[in-house]
Amino acid sequence: MIAAASPVAAQNREISSETVPAPSYSDIVSHVLEAPLVIDATIRSTAEIRGAEAINLAPGYARFYAEADVSALIRGSSAIPPRIGFVTDVPTDSRGRPPRLKRLRVLLFARPVPGRPTMVQLTRLDSFRAWNPSLDTMVRQVARDVVDPSAPPAITGVGNAFHVPGTLPGEGETQIFLMTEIGAPVSLQILRRPGQQPRWAVSLGDIVDDSAGPPAPNTLLWYRLACGLPPELPATSLNSETAANAQTARTDYRFVLTQLGPCTR
(Lines give C-alpha, C1' and ligand atoms only; values in the text may rest on other atoms or scores of the structure.)
Protein backbone atom coordinates (compact mmCIF):
# COMPACT_ATOMS: atom_id res chain seq x y z
CA MET A 1 0.00 0.00 0.00
CA ILE A 2 2.85 2.37 0.81
CA ALA A 3 4.50 1.65 -2.56
CA ALA A 4 1.22 2.21 -4.37
CA ALA A 5 0.80 5.56 -2.67
CA SER A 6 4.28 6.80 -3.57
CA PRO A 7 4.29 9.87 -5.85
CA VAL A 8 4.90 9.21 -9.53
CA ALA A 9 7.77 11.71 -9.49
CA ALA A 10 9.55 9.63 -6.86
CA GLN A 11 9.10 6.53 -9.03
CA ASN A 12 10.57 8.42 -11.99
CA ARG A 13 13.61 9.40 -9.96
CA GLU A 14 14.16 5.84 -8.80
CA ILE A 15 14.22 4.28 -12.24
CA SER A 16 15.79 7.12 -14.22
CA SER A 17 18.38 8.66 -11.93
CA GLU A 18 19.53 5.74 -9.83
CA THR A 19 19.39 2.90 -12.32
CA VAL A 20 19.18 4.19 -15.90
CA PRO A 21 21.57 6.74 -17.44
CA ALA A 22 20.07 9.53 -19.52
CA PRO A 23 20.10 8.67 -23.23
CA SER A 24 22.04 10.72 -25.75
CA TYR A 25 20.55 12.14 -28.93
CA SER A 26 22.27 9.34 -30.87
CA ASP A 27 20.65 6.77 -28.56
CA ILE A 28 17.19 8.14 -29.27
CA VAL A 29 17.66 8.31 -33.04
CA SER A 30 18.88 4.72 -33.17
CA HIS A 31 15.93 3.62 -31.02
CA VAL A 32 13.38 5.41 -33.22
CA LEU A 33 14.92 4.08 -36.44
CA GLU A 34 14.79 0.50 -35.12
CA ALA A 35 11.33 0.59 -33.57
CA PRO A 36 8.18 0.36 -35.74
CA LEU A 37 6.24 1.49 -32.65
CA VAL A 38 7.07 4.33 -30.28
CA ILE A 39 4.50 4.49 -27.49
CA ASP A 40 3.72 6.93 -24.68
CA ALA A 41 2.01 4.89 -21.95
CA THR A 42 1.45 4.55 -18.20
CA ILE A 43 2.08 1.27 -16.38
CA ARG A 44 -1.17 -0.12 -15.00
CA SER A 45 0.02 -3.37 -13.41
CA THR A 46 3.13 -5.54 -13.18
CA ALA A 47 4.04 -9.07 -12.24
CA GLU A 48 7.63 -10.06 -11.61
CA ILE A 49 8.82 -13.07 -13.60
CA ARG A 50 11.14 -15.39 -11.71
CA GLY A 51 12.65 -18.82 -11.89
CA ALA A 52 12.64 -20.77 -15.14
CA GLU A 53 10.58 -18.11 -16.91
CA ALA A 54 13.35 -15.56 -16.32
CA ILE A 55 15.85 -17.48 -18.45
CA ASN A 56 18.86 -15.45 -19.68
CA LEU A 57 18.12 -12.63 -17.22
CA ALA A 58 21.29 -10.57 -16.84
CA PRO A 59 22.77 -10.09 -13.35
CA GLY A 60 21.54 -6.86 -11.75
CA TYR A 61 18.20 -6.95 -13.56
CA ALA A 62 14.64 -7.99 -12.71
CA ARG A 63 12.09 -9.19 -15.26
CA PHE A 64 8.46 -8.06 -15.31
CA TYR A 65 5.35 -8.64 -17.34
CA ALA A 66 3.65 -5.24 -17.48
CA GLU A 67 0.35 -3.93 -18.76
CA ALA A 68 0.14 -0.28 -19.72
CA ASP A 69 -2.52 2.20 -20.80
CA VAL A 70 -1.56 3.89 -24.05
CA SER A 71 -1.63 7.69 -24.03
CA ALA A 72 -0.25 8.24 -27.53
CA LEU A 73 1.24 6.34 -30.44
CA ILE A 74 4.18 8.56 -31.34
CA ARG A 75 5.29 6.37 -34.23
CA GLY A 76 3.40 3.56 -35.93
CA SER A 77 1.73 2.73 -39.21
CA SER A 78 -1.52 1.43 -37.68
CA ALA A 79 -3.58 1.84 -34.52
CA ILE A 80 -2.86 -0.17 -31.37
CA PRO A 81 -5.22 -1.18 -28.53
CA PRO A 82 -5.68 1.25 -25.61
CA ARG A 83 -4.01 -1.28 -23.31
CA ILE A 84 -0.94 -3.32 -24.17
CA GLY A 85 1.23 -5.92 -22.47
CA PHE A 86 4.97 -6.44 -22.73
CA VAL A 87 7.93 -8.04 -20.97
CA THR A 88 10.77 -5.85 -19.77
CA ASP A 89 14.03 -6.32 -17.91
CA VAL A 90 14.81 -3.37 -15.63
CA PRO A 91 17.97 -2.72 -13.62
CA THR A 92 17.85 -3.14 -9.86
CA ASP A 93 19.33 -0.64 -7.42
CA SER A 94 22.52 -1.03 -5.37
CA ARG A 95 20.62 -3.21 -2.88
CA GLY A 96 19.25 -5.50 -5.54
CA ARG A 97 15.71 -4.11 -5.35
CA PRO A 98 13.71 -3.61 -8.56
CA PRO A 99 12.15 -0.19 -9.21
CA ARG A 100 8.48 0.52 -8.58
CA LEU A 101 6.80 0.55 -11.95
CA LYS A 102 3.08 0.85 -11.28
CA ARG A 103 1.68 4.21 -12.46
CA LEU A 104 5.02 5.10 -14.04
CA ARG A 105 4.71 6.99 -17.32
CA VAL A 106 7.04 5.48 -19.89
CA LEU A 107 8.19 5.71 -23.48
CA LEU A 108 8.43 2.33 -25.20
CA PHE A 109 10.36 1.46 -28.35
CA ALA A 110 8.75 -1.72 -29.62
CA ARG A 111 7.55 -3.94 -32.46
CA PRO A 112 4.23 -5.74 -32.88
CA VAL A 113 3.93 -9.39 -31.85
CA PRO A 114 2.44 -11.41 -34.77
CA GLY A 115 -0.95 -12.83 -33.85
CA ARG A 116 -1.01 -11.02 -30.50
CA PRO A 117 -2.52 -7.58 -31.14
CA THR A 118 -2.51 -6.61 -27.44
CA MET A 119 1.18 -7.45 -27.01
CA VAL A 120 4.32 -5.63 -28.07
CA GLN A 121 7.96 -6.65 -27.88
CA LEU A 122 10.61 -4.15 -26.83
CA THR A 123 13.35 -3.80 -29.43
CA ARG A 124 16.23 -3.68 -26.94
CA LEU A 125 17.03 -4.13 -23.29
CA ASP A 126 16.98 -0.34 -22.82
CA SER A 127 13.86 0.31 -24.94
CA PHE A 128 11.85 0.99 -21.77
CA ARG A 129 12.37 4.60 -20.68
CA ALA A 130 10.85 6.58 -17.83
CA TRP A 131 9.03 9.58 -19.29
CA ASN A 132 10.25 13.13 -18.75
CA PRO A 133 9.46 16.32 -20.69
CA SER A 134 12.85 16.74 -22.36
CA LEU A 135 12.98 13.10 -23.44
CA ASP A 136 9.43 13.29 -24.76
CA THR A 137 10.26 16.40 -26.79
CA MET A 138 13.37 14.78 -28.25
CA VAL A 139 11.61 11.52 -29.14
CA ARG A 140 8.71 13.28 -30.85
CA GLN A 141 11.04 15.53 -32.85
CA VAL A 142 13.16 12.59 -33.98
CA ALA A 143 10.03 10.63 -34.92
CA ARG A 144 8.94 13.54 -37.13
CA ASP A 145 12.39 13.96 -38.65
CA VAL A 146 12.89 10.33 -39.68
CA VAL A 147 9.62 10.22 -41.68
CA ASP A 148 10.14 13.60 -43.35
CA PRO A 149 10.41 13.08 -47.13
CA SER A 150 13.46 15.34 -47.17
CA ALA A 151 15.22 13.47 -44.34
CA PRO A 152 18.93 12.84 -44.99
CA PRO A 153 19.65 9.24 -45.96
CA ALA A 154 21.75 6.74 -44.05
CA ILE A 155 25.45 6.78 -44.97
CA THR A 156 26.74 3.39 -46.14
CA GLY A 157 30.28 4.27 -47.19
CA VAL A 158 32.67 6.71 -48.85
CA GLY A 159 33.04 6.98 -52.60
CA ASN A 160 35.63 9.02 -54.46
CA ALA A 161 37.59 11.76 -52.74
CA PHE A 162 40.01 14.27 -54.20
CA HIS A 163 41.94 17.38 -53.22
CA VAL A 164 42.64 20.30 -55.55
CA PRO A 165 45.50 22.56 -54.37
CA GLY A 166 45.06 26.32 -54.77
CA THR A 167 47.48 28.83 -56.22
CA LEU A 168 48.81 29.86 -52.79
CA PRO A 169 50.63 27.60 -50.30
CA GLY A 170 48.10 26.10 -47.88
CA GLU A 171 45.16 26.85 -50.18
CA GLY A 172 42.93 24.17 -51.64
CA GLU A 173 39.65 22.29 -51.58
CA THR A 174 38.81 18.69 -50.79
CA GLN A 175 35.61 17.03 -51.97
CA ILE A 176 34.46 13.70 -50.57
CA PHE A 177 31.48 11.89 -52.08
CA LEU A 178 29.47 9.61 -49.80
CA MET A 179 27.42 6.51 -50.58
CA THR A 180 23.93 6.30 -49.13
CA GLU A 181 21.30 3.67 -48.46
CA ILE A 182 18.95 4.97 -51.16
CA GLY A 183 21.59 6.15 -53.62
CA ALA A 184 20.94 9.85 -52.98
CA PRO A 185 24.01 12.06 -53.42
CA VAL A 186 25.72 13.47 -50.33
CA SER A 187 29.12 15.16 -50.36
CA LEU A 188 31.54 16.91 -48.04
CA GLN A 189 33.55 19.99 -48.99
CA ILE A 190 36.56 21.21 -47.02
CA LEU A 191 37.98 24.58 -47.99
CA ARG A 192 41.46 25.73 -46.95
CA ARG A 193 42.72 29.30 -46.95
CA PRO A 194 46.21 30.43 -45.82
CA GLY A 195 46.26 31.44 -42.17
CA GLN A 196 42.67 30.34 -41.55
CA GLN A 197 41.06 27.32 -39.98
CA PRO A 198 39.59 24.99 -42.62
CA ARG A 199 35.88 25.45 -43.34
CA TRP A 200 33.67 22.53 -44.20
CA ALA A 201 30.15 21.91 -45.40
CA VAL A 202 27.83 19.07 -46.36
CA SER A 203 25.69 19.12 -49.51
CA LEU A 204 22.58 17.05 -50.14
CA GLY A 205 21.88 16.72 -53.84
CA ASP A 206 23.66 16.60 -57.17
CA ILE A 207 24.79 20.23 -57.00
CA VAL A 208 27.57 21.09 -54.59
CA ASP A 209 26.35 24.00 -52.48
CA ASP A 210 29.30 26.24 -51.64
CA SER A 211 27.11 28.27 -49.28
CA ALA A 212 26.12 25.25 -47.19
CA GLY A 213 27.68 24.73 -43.79
CA PRO A 214 28.17 21.92 -41.32
CA PRO A 215 25.08 20.32 -39.75
CA ALA A 216 23.82 21.61 -36.42
CA PRO A 217 24.63 19.26 -33.53
CA ASN A 218 21.91 16.84 -32.47
CA THR A 219 20.06 16.88 -35.77
CA LEU A 220 19.33 13.93 -38.02
CA LEU A 221 21.92 15.07 -40.58
CA TRP A 222 24.53 15.31 -37.82
CA TYR A 223 23.60 11.80 -36.67
CA ARG A 224 23.85 10.38 -40.19
CA LEU A 225 27.40 11.72 -40.51
CA ALA A 226 28.72 11.30 -36.96
CA CYS A 227 27.36 7.75 -36.65
CA GLY A 228 27.67 6.66 -40.28
CA LEU A 229 31.11 7.77 -41.47
CA PRO A 230 34.01 5.31 -41.15
CA PRO A 231 36.88 6.30 -38.83
CA GLU A 232 39.34 6.70 -41.71
CA LEU A 233 39.10 7.70 -45.35
CA PRO A 234 39.32 4.41 -47.31
CA ALA A 235 42.36 3.99 -49.53
CA THR A 236 40.08 3.01 -52.42
CA SER A 237 38.57 6.50 -52.35
CA LEU A 238 41.96 8.01 -53.25
CA ASN A 239 43.16 5.73 -56.06
CA SER A 240 43.46 8.57 -58.56
CA GLU A 241 45.21 11.03 -56.23
CA THR A 242 48.87 11.88 -55.84
CA ALA A 243 50.47 10.98 -52.52
CA ALA A 244 50.48 14.63 -51.38
CA ASN A 245 46.86 15.28 -52.34
CA ALA A 246 45.74 12.00 -50.79
CA GLN A 247 47.40 12.92 -47.49
CA THR A 248 45.69 16.31 -47.47
CA ALA A 249 42.34 14.66 -48.17
CA ARG A 250 42.89 12.29 -45.24
CA THR A 251 43.74 15.22 -42.99
CA ASP A 252 40.62 17.08 -44.10
CA TYR A 253 38.47 13.99 -43.51
CA ARG A 254 39.81 13.66 -39.96
CA PHE A 255 39.08 17.36 -39.45
CA VAL A 256 35.43 16.75 -40.36
CA LEU A 257 35.20 13.84 -37.91
CA THR A 258 36.71 15.97 -35.16
CA GLN A 259 34.26 18.78 -35.88
CA LEU A 260 31.32 16.37 -35.78
CA GLY A 261 32.37 14.88 -32.46
CA PRO A 262 31.77 11.31 -31.31
CA CYS A 263 28.64 9.27 -31.91
CA THR A 264 27.84 8.53 -28.27
CA ARG A 265 25.50 5.56 -27.92
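Computed over heavy atoms, backbone and side chain alike; hydrogens, waters and symmetry mates excluded.
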*asked:* Any heavy-atom pair between the side chains of Ile80 and Leu37 that's under 4.5 Å?
replied: yes
*Give a yes or no answer on whether the side chain of Glu241 reaches the backbone of His163 with a donor-acceptor pair at less than 3.5 Å.*
yes
*So, does Ser71 use its side chain to make a donor-acceptor pair with the main chain of Ala41 at under 3.5 Å?*
no
*What are the two closest non-hydrogen atoms of Pro114 and Pro112, and how far apart are they?*
CD-O, 3.7 Å
*Give a yes or no answer on whether the side chain of Tyr25 reaches the backbone of Leu220 with a donor-acceptor pair at less than 3.5 Å.*
yes
_Check for me, please, whether Val106 and Val70 land in the same ILVMFWY cluster - side-chain distances under 4.5 Å, paths through other members count._
yes
*Not counting sequence neighbours, which residues clear side-chain hydrogen bond (donor to acceptor under 3.5 Å, both in side chains) with Arg254? List them please.*
none
*Straight-line distance of Ser187 OG to Ile176 CD1, nearest 0.5 Å*: 9.5 Å
*Taking C-beta and beyond as the side chain, do Arg129 and Leu135 meet within less than 4.5 Å on heavy atoms?*
yes
*Does the Arg192 side chain pair with the main chain of Gly166, one donor and one acceptor, at a distance under 3.5 Å?*
no
*asked:* Are Ser26 and Ile28 packed together at the side-chain level, in the sense that at least one heavy-atom pair is separated by less than 4.5 angstrom?
replied: no
*Find the distance between CD (Glu232) and CZ (Arg250) and round it off to the nearest 0.5 Å.*
9.0 Å
_Between Arg140 and Asp136, does any NZ, NE, NH1 or NH2 come within less than 4.0 Å of an OD or OE carboxylate oxygen?_
yes
*asked:* Strictly distance-based, threshold 3.5 Å: is any side-chain N or O of Thr219 a donor or acceptor partner for the main-chain N or O of Pro215?
replied: no
*Does any donor atom in the side chain of Ser24 or Asp27 lie under 3.5 Å from an acceptor atom in the other side chain?*
yes
*Decide yes or no on side chain to side chain contact (heavy atoms under 4.5 Å, CB included) for Phe162 and Asn245, but give the supporting numbers first.*
CA-CA 7 Å; Phe162 60 89; Asn245 287 350; over 6 Å; no
*asked:* Do Trp131 and Asp40 make a side-chain contact, defined as non-hydrogen atoms from C-beta onward lying under 4.5 Å apart?
replied: yes
*Identify whether Val147 and Val32 are in the same connected component of the hydrophobic contact network (ILVMFWY, side-chain heavy atoms under 4.5 Å).*
yes
_For the CZ atom of Phe64 and the CD1 atom of Ile49, what is their distance to the nearest 0.5 Å?_
9.0 Å
*asked:* Are Pro185 and Phe177 packed together at the side-chain level, in the sense that at least one heavy-atom pair is separated by less than 4.5 angstrom?
replied: no
*For Ala161 against Leu233, the heavy-atom pair lying closest together*: CB-CD2, 4.1 Å
*Mark yes or no for whether Thr123, through its side chain, and Ala110, through its backbone, hold a donor-acceptor pair below 3.5 Å.*
no
*Any idea which heavy atoms bring Gln259 and Gln197 closest together, and the distance?*
NE2-NE2, 4.0 Å
*Output, in order, the C-alpha distance, side-chain angles, deciding distance and verdict of side chain to side chain contact (heavy atoms under 4.5 Å, CB included) for Ile39 and Leu107.*
CA-CA 6 Å; Ile39 304 165; Leu107 293 172; over 6 Å; no
*asked:* side chain to side chain contact (heavy atoms under 4.5 Å, CB included), that's the test. Do His31 and Asp126 meet it? Break it down for me.
replied: CA-CA 9 Å; His31 273 300; Asp126 60 346; 3.3 Å; yes
*Pairs satisfying side-chain hydrogen bond (donor to acceptor under 3.5 Å, both in side chains), at least one member in residues 52-61, at least two apart*: none
*Does Arg124 come within less than 4.0 Å of Glu34, counting only side-chain N to carboxylate O?*
yes
_Is the shortest side-chain heavy-atom distance between Arg75 and Phe109 below 4.5 Å?_
no
*Quick one: ring pair (Phe, Tyr, Trp, His ring centres under 6.0 Å) pairs with a partner in residues 219-254, sequence neighbours left out?*
none
*asked:* With rounding to the nearest 0.5 angstrom, report the CG to CD1 distance, Asp69 to Ile84.
replied: 9.0 Å
*Side-chain contact, heavy-atom cut-off 4.5 Å: Leu104 with Arg100?*
no
*Going hydrophobic residue to hydrophobic residue with side-chain gaps under 4.5 angstrom, can you get from Leu257 over to Met179?*
no
*Quick one: do Asn160 and Ser237 satisfy side chain to side chain contact (heavy atoms under 4.5 Å, CB included)? Show the steps, please.*
CA-CA 4 Å; Asn160 292 329; Ser237 299; 5.7 Å; no
*asked:* Tell me whether Met138 shares a hydrophobic cluster with Val146, the cluster being built from Ile, Leu, Val, Met, Phe, Trp, Tyr side chains joined at under 4.5 Å.
replied: yes
*Just by distance, do the side chain of Glu171 and the backbone of Leu168 share a donor-acceptor pair under 3.5 Å?*
yes
*asked:* Between Val38 and Val142, is there a side-chain heavy-atom distance shorter than 4.5 Å?
replied: no
*What's the shortest heavy-atom distance between Pro152 and Arg224, and which atoms?*
O-NE, 3.1 Å
*For residues Leu260 and Ala226, report the shortest heavy-atom separation together with the two atoms involved.*
CD1-N, 4.0 Å
_Atom pair CZ (Phe128) and CZ (Phe86), whose distance is rounded to the nearest 0.5 Å_ = 5.0 Å
*Where do Leu73 and Ser78 come nearest, in terms of heavy atoms and distance?*
CD2-O, 3.2 Å
*Quick one: pull up CD1 in Ile190 and CZ in Arg199 and give me the separation to the nearest 0.5 Å.*
12.0 Å
*What about Val120 and Leu125, same hydrophobic cluster or not, with Ile/Leu/Val/Met/Phe/Trp/Tyr joined at side-chain heavy-atom distances under 4.5 Å?*
no
*asked:* Looking only at side-chain N and O atoms, does Thr174 offer a donor or acceptor that is under 3.5 Å from a partner on Gln189?
replied: no
*For Thr42, does its backbone N or O pair with a side-chain atom of Arg105 as donor and acceptor, under 3.5 Å?*
no
_Does Glu181 have more than 12 heavy atoms from other residues, nucleotides or ligands lying within 6.0 Å of its CD?_
no
